[in-house]
S.K.: 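Let me give you the structure first, and then I'll get to my questions.
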Amino acid sequence: MHPHVKKILVSEEEIKKRSLELGKQITEDYNDSERKPLFIALLKGSVPFLAELIKHIDFDLEIDFMDVSSYEGTESLRDIRILKDLDRSILGESIVLVEDIVDTGRTVKEVTRLLMNKGATDVRVVSLLDKPSRREVEVSIDYIGFEIPNEFVIGFGLDFNELYRNLPFVGVLKDECYK
Ligand code: IMP
């Protein structure tokens, strides 16, 4: 195990198994839809999960990426800023939004609103991790990999100061590594 990791919360095997289940479920759910969804992944954290998930989606699909950052806007309300926008129009498209983790829920809520404003017909959310105890705004997540406790996690795309995204599991950092 990596020397900075205190414990593993979700193993590589568990992630693979769950991604397969979610992929099958999503495939099934869009079985009757003539128009298949466009998968939009939020950079950078959701990239490993997207790669694992789409191996198990059994219809032809397109992927696109967005990068957003949240910041304190006016009146201390958090807002999001688009760092990288989509490559093409999504007018009339069904979207599957792929996230690494839903924490306060603000990112998913704002991005969903943004995608609907861009003309998407519907947005479903798939997230590898869910930290429901941290939620500040109501969001519906259609597909959840794992519900985790209120701990800051790293690995499988998730970072601390841009590091640890390459770990093949989701784990908790040792306290001294936050300094
Ligand atoms: P939300 O808008 O608060 O739901 O936050 C979502 C984003 O915060 C995620 O896409 C992550 O980039 C980041 N984030 C939230 N919790 C963690 C964590 O435990 N580890 C790493 N990144 C996190």
Side-chain angles (χ1 to χ4, degrees), residues 1-12 14-15 18-19 22 38-54 63-86 95-118 120 123-179:
M1 189 161 67
H2 192 289
H4 295 175
V5 173
K6 182 157 72 177
K7 65 177 171 189
I8 293 178
L9 272 190
V10 190
S11 71
E12 185 173 8
E14 287 172 313
I15 294 172
R18 188 73 186 121
S19 300
L22 290 174
L38 168 69
F39 283 65
I40 296 179
L42 293 182
L43 294 171
K44 306 168 188 164
S46 67
V47 170
F49 177 48
L50 172 78
E52 191 58 43
L53 180 72
I54 59 172
I63 59 175
D64 204 345
F65 297 95
M66 268 186 100
D67 194 3
V68 300
S69 74
S70 77
Y71 66 101
E72 296 283 328
T74 49
E75 295 164 5
S76 289
L77 289 176
R78 261 195 286 169
D79 214 338
I80 59 166
R81 175 182 292 142
I82 300 175
L83 303 177
K84 186 229 169 275
D85 210 339
L86 299 170
I95 306 293
V96 172
L97 180 63
V98 184
E99 246 298 34
D100 51 358
I101 186 166
V102 181
D103 189 42
T104 65
R106 290 181 189 278
T107 305
V108 160
K109 190 173 177 140
E110 280 305 299
V111 172
T112 302
R113 194 175 58 86
L114 218 137
L115 297 175
M116 293 303 287
N117 284 345
K118 283 175 177 282
V123 178
R124 289 193 198 171
V125 178
V126 54
S127 182
L128 174 65
L129 304 170
D130 180 20
K131 246 195 256 181
S133 57
R134 292 258 310 161
R135 202 72 89 245
E136 291 174 12
V137 294
E138 208 180 305
V139 281
S140 81
I141 315 171
D142 302 274
Y143 308 97
I144 296 171
F146 303 91
E147 206 176 287
I148 60 164
N150 184 11
E151 289 197 88
F152 189 84
V153 290
I154 43 131
F156 213 80
L158 292 136
D159 75 305
F160 173 65
N161 283 348
E162 294 297 325
L163 288 178
Y164 311 112
R165 295 191 196 275
N166 56 316
L167 298 178
F169 53 79
V170 173
V172 180
L173 259 192
K174 284 182 180 165
D175 297 336
E176 60 262 36
C177 300
Y178 289 111
K179 287 176 194 134

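As a basis for the values below, the full set of heavy atoms in this structure was taken, side chains included, without hydrogen atoms, waters or symmetry mates. Note that ligands are numbered from 1 as they come in the structure, with each ligand's atoms numbered from 1 the same way. All figures in this text were calculated on a predicted structure; none of them were measured in a lab.
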S.K.: Hey, does Gly45 sit under 4.0 Å from ligand 1 if you only count heavy atoms?
M.R.: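 In this structure, Gly45 fails to qualify as a contact of ligand 1 - no heavy atom is under 4.0 Å.
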S.K.: Look only at interatomic distance and state if Val108 has a nitrogen or oxygen under 3.5 Å from any nitrogen or oxygen of ligand 1.
M.R.: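 Min N/O separation from ligand 1 is not below 3.5 Å for Val108.
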S.K.: So that I can tick it off, tell me whether Asp67 and Lys44 are bridged by a salt bridge, with the cut-off set at under 4.0 angstrom between side-chain N and carboxylate O.
M.R.: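 Looking at Lys44 and Asp67, the cut-off is not met.
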S.K.: Could an N or O of ligand 1 be found under 3.5 Å from any N or O of Leu158, whether backbone or side chain?
M.R.: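 No, since none of the N or O atoms of Leu158 sits under 3.5 Å from an N or O of ligand 1.
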S.K.: Please tell me whether His4 and Tyr164 have a donor and an acceptor in their side chains that are separated by less than 3.5 angstrom.
M.R.: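 Note: His4 and Tyr164 side chains meet the donor-acceptor criterion.
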S.K.: To check you understand the geometry: which heavy-atom pair defines the closest contact between Val139 and Lys109, and what is its length?
M.R.: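 Val139 and Lys109 have their closest heavy atoms at CG1-CB, 3.6 Å.
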S.K.: For atom 6 (C) of ligand 1, which candidate among Thr104, Thr107, Ile80 provides the closest heavy atom?
M.R.: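 The option holding the nearest heavy atom is Thr107.
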S.K.: Does a salt bridge link Glu52 with Arg18, judged by any charged N lying under 4.0 Å from a carboxylate O?
M.R.: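 Looking at Arg18 together with Glu52, the answer is no, because their closest N to O distance does not fall below 4.0 Å.
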S.K.: Would Asp159 count as being in polar contact with ligand 1, using the rule that some N or O on each side must be under 3.5 angstrom apart?
M.R.: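 In fact, backbone or side chain, Asp159 has no N or O that close.
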S.K.: For ligand 1, which part of Lys131 has a heavy atom less than 4.0 Å away: the side chain, the backbone, both, or neither?
M.R.: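 For Lys131, only side-chain atoms sit under 4.0 Å from ligand 1.
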S.K.: Lys131 side chain to Glu147 main-chain N or O, any donor-acceptor pair under 3.5 Å?
M.R.: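 The answer is no, because no donor-acceptor pair under 3.5 Å joins these two groups.
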S.K.: Considering Val139, Asn150, Leu173, Ile101, which one's heavy-atom position lies nearest to atom 9 (C) of ligand 1?
M.R.: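 Minimum heavy-atom distance to atom 9 (C) of ligand 1 goes to Ile101.
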S.K.: Whether Glu138 and Arg135 form a salt bridge (side-chain N of Lys/Arg under 4.0 Å from carboxylate O of Asp/Glu) is what I want to check.
M.R.: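 Salt bridge flag = no for Glu138 with Arg135.
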S.K.: Would you find a donor on one side and an acceptor on the other, under 3.5 Å apart, between the side chain of Ser11 and the backbone of Glu14?
M.R.: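 Indeed, once roles are kept as given, a pair shorter than 3.5 Å links the two residues.
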S.K.: Can you sort out which atoms of ligand 1 are near Glu151, meaning under 4.0 Å from one of its heavy atoms?
M.R.: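 Counting atoms of ligand 1 from 1, those under 4.0 Å from Glu151 are 19 (O).
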S.K.: Under 4.0 Å from any heavy atom of Glu99, which atoms of ligand 1 are there?
M.R.: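 Atoms satisfying the 4.0 Å criterion: 10 (O).
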